[in-house]
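Working notes, structure below.
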Amino acid sequence: MGALLSARLSSNILKALKLDIPCFFWTDSKITYFWVRGQPERYKPFIKNRIQEIQKLTSPSNWHHCPGIQNPADIVSRGVKISRLLNDTSWLQGPEWLRLPPEFCRI
């Protein structure tokens, strides 16, 4: 559902701002990653319908996997204090490898 929300949100933003730029998506769920990049017909209707919509709104090749330990969104779910977030470059800018050229971002 998070991947679907992401696909819908990016699509709406691109349309509203009349932008024609590539969007890249990251998930720490290997299951979601393989679903989105796979064949929707392999799954039951609930999953199939969501995958089809995601693939209609986004390019499956623009979806990537980020290990949970490197996912800055997970920092807050680990019970970290706000004072740590203020100085955490991973939280503010994402993991270091994300700032590298795309050919180096495959993890």
Side-chain angles (χ1 to χ4, degrees):
M1 292 303 296
L4 180 58
L5 179 63
S6 213
R8 287 176 177 170
L9 182 60
S10 69
S11 177
N12 287 334
I13 290 171
L14 292 173
K15 285 178 190 172
L17 298 178
K18 297 181 174 107
L19 296 174
D20 186 23
I21 57 172
C23 289
F24 298 92
F25 305 87
W26 296 87
T27 177
D28 62 0
S29 166
K30 286 184 180 180
I31 293 171
T32 299
Y33 171 77
F34 287 108
W35 281 349
V36 170
R37 293 179 62 114
Q39 299 299 318
E41 299 76 27
R42 296 178 58 197
Y43 305 102
K44 293 183 179 181
F46 183 85
I47 301 299
K48 175 186 167 187
N49 293 338
R50 278 137 191 86
I51 295 171
Q52 286 176 329
E53 185 176 350
I54 292 167
Q55 290 179 345
K56 179 181 164 193
L57 296 172
T58 69
S59 171
S61 64
N62 287 355
W63 284 84
H64 305 282
H65 179 257
C66 172
I69 195 71
Q70 296 178 11
N71 182 354
D74 278 358
I75 293 171
V76 293
S77 68
R78 296 185 195 120
V80 70
K81 293 183 179 188
I82 191 73
S83 58
R84 179 173 173 253
L85 287 181
L86 294 174
N87 298 313
D88 189 314
T89 57
S90 176
W91 171 255
L92 298 172
Q93 300 171 4
E96 272 188 48
W97 53 262
L98 192 55
R99 294 184 291 279
L100 296 173
E103 60 269 18
F104 296 105
C105 284
R106 304 292 183 252
I107 53 173

* Asked: Below 4.5 Å, heavy atoms only, C-beta onward: do K48 and R42 meet side chain to side chain?
  -> no
* Asked: Do L57 and M1 share a hydrophobic cluster, counting only Ile, Leu, Val, Met, Phe, Trp and Tyr and linking them when any side-chain heavy atoms are less than 4.5 Å apart?
  -> no
* Asked: So, S61 and S59: side-chain donor and acceptor under 3.5 Å apart, yes or no?
  -> yes
* Does D88 use its side chain to pair, donor to acceptor, with the backbone of R84 at less than 3.5 Å? -> no
* What are the two closest heavy atoms between I51 and V36, and how far apart are they? -> CG2-CA, 4.4 Å
* Would you please name every residue forming a side-chain hydrogen bond (donor to acceptor under 3.5 Å, both in side chains) with N49, sequence neighbours left out? => none
* Are side-chain N/O atoms of T58 and W63 paired as donor and acceptor at under 3.5 Å? -> yes
* Please, which pairs that meet ring pair (Phe, Tyr, Trp, His ring centres under 6.0 Å) have at least one residue in residues 39-62, sequence neighbours excluded? -> W35-Y43
* Has the side chain of S10 got a donor or acceptor atom that lies under 3.5 Å from a matching backbone atom of A7? -> yes
* Heavy-atom pair of closest approach, residues S29 and H65 -> C-CD2, 4.0 Å
* To do: Take atom CD of E96 as the centre, draw a 6.0 Å sphere, and report whether it contains more than 12 heavy atoms from other residues, nucleotides or ligands.
  => no
* Residues forming a side chain to side chain contact (heavy atoms under 4.5 Å, CB included) with I21, sequence neighbours excluded -> L14, L19
* Shared ILVMFWY cluster between V80 and I82, side chains joined below 4.5 angstrom? -> yes
* Asked: Looking only at heavy atoms, which two atoms of P95 and Q70 are closest? And how far apart?
  -> CG-O, 3.7 Å
* Close side-chain approach of F25 and I54, heavy atoms under 4.5 Å -> no
* To do: To the nearest 0.5 angstrom, please state how far the CD atom of Q55 sits from the CD atom of Q52.
  => 7.5 Å
* Rounded distance (nearest 0.5 Å) linking atom CG of D28 with atom OH of Y33 -> 13.5 Å
* To do: Name the orientation class of the two ring planes belonging to H64 and W26 (parallel below 30°, tilted from 30 to 60°, perpendicular beyond 60°).
  => tilted
* **Euclidean distance, T27 OG1 relative to N71 CG, rounded to 0.5 Å** => 8.0 Å
* Heavy atoms from other residues, nucleotides or ligands near CD1 of I31 exceed 12 (cutoff 6.0 Å) -> no
